Amino acid sequence: MNGAEQEEPDILQNETPESLTGAVSAGFAFLQQYGWFLLLGVVVVLYLKSRFLQPRLDSWQQQREDASYKKMDEGKAQSQLEAMERARQRMQEQLDRQAAEYKLKQKEKEEKARQEKIADWERHQEGKGYRSKIRAKEEEEGPSQPKPKPKKPLRSDDYNPLMGTSGGASFRPPRRGPSTGGG
C-alpha cells in the first residue's frame with residue numbers, strides 16, 4: 001500500500017433534492033392528466049367574471065363615486081369652481097394680450113415694408129432706379145456676421161467610383177464558374 005495504491009479523491013456532484021424533482025415531476029404529471037380541464041376551468045372563470053362580476057363591480061364603484069360627490073360641501077365645491085373660473089379668466093386675458101402684441105408687431109412690419117416700397121417707387125420716379133434687394137440684405141448682415149470658410153472636399157474632384165482605379169495594377173477577382181482544370 002505504498003504510492004501505487006493511492007486513494008482516489010471523492011468526486012463532488014451536484015445533487016438536487018429529491019423533494020424538488022419529485023414535486024416538479026408530480027406537477028408535470030398532473031398537467032398531462034388534467035391540463036384540458038384546467039384550461040376549460042380558466043376560460044369559464046374568465047367568462048363568468050366578465051359577464052356577471054365585472055358589471056357589479058363597476059356599479060359598486062360608481063355608487064362610491066356618487067356618494068363621495070354628495071358628501072362634498074356645496075360651499076367648498078362652489079369656491080373651487082369660482083377659483084377655476086378666475087384662473088381661466090387670467091389665462092384668457094394673458095392670451096388676449098399676447099395676441100394684441102403680435103398683431104401690433106405685424107402691423108408695424110407691414111407699415112415698414114409699405115414705406116420701403118413707397119421710397120423705392122419715389123427713387124424710381126426721380127430716375128435713381130430701384131435699390132437692389134440683395135445688396136441691401138448683404139449690407140444689413142455683412143458687417144455683423146463673418147462669412148464661413150468653405151469646407152475642404154472629402155475626395156478629389158477627379159474621383160469617380162464608376163471609372164475604376166487609375167493605377168495599372170488593380171486586383172480583379174477570378175471568374176466564378178465550374179473549374180476548368182486539366183485532367
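Only a predicted model underlies this, so the values are computations on that prediction, with no experimental measurement involved.
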Which value, rounded to the nearest 0.5 Å, describes the distance between [X] atom [atom1] and [Y] atom [atom2]?
| X | Y | atom1 | atom2 | value |
| --- | --- | --- | --- | --- |
| Leu81 | Lys76 | CG | NZ | 12.5 Å |
| Lys49 | Leu46 | NZ | CG | 7.5 Å |
| Gln78 | Gln80 | CD | CD | 10.5 Å |

Review point. With no hydrogens and no angle check, do the side chains of Gln89 and Glu85 hold a donor and an acceptor under 3.5 Å apart?
Key: no
Point to revise | Residues Gln62 and Asp58: side-chain donor-acceptor under 3.5 angstrom | key: no
Could you pull out every donor-acceptor pair under 3.5 Å between side chains of residues 25-39 and any protein atom, sequence neighbours left out?
from	atom 1	to	atom 2	distance (Å)
Ser25	OG	Thr21	O	3.1
Ser25	OG	Gly22	O	3.0

Study note, to complete from the structure: Heavy-atom closest pair (Pro55 atom, Ser50 atom, distance to 0.1 Å) is CD-O, 3.8 Å
Point to revise | Which residues share a salt bridge (charged side-chain N to carboxylate O under 4.0 Å, His left out) with Glu65, sequence neighbours left out | key: none
**Study point:** Residues Asp120 and Arg123 bridged, charged N to O under 4.0 Å
**Key:** yes
Check your understanding: Does Glu110 come within less than 4.0 Å of Lys107, counting only side-chain N to carboxylate O?
Key -> no
Review point. Is the NZ or CZ atom of Arg64 both under 6.0 Å from the centre of the six-membered ring of Trp60 and within 45° of that ring's axis?
Key: yes
Practice item. State yes or no: do Val42 and Val45 share one hydrophobic cluster built from I, L, V, M, F, W and Y residues joined by side-chain heavy-atom distances below 4.5 Å, directly or via other members? Key: no
Quiz: residues 91-104 side-chain donor-acceptor pairs under 3.5 angstrom, not counting sequence neighbours:
from	atom 1	to	atom 2	distance (Å)
Gln92	NE2	Asp96	OD1	3.2

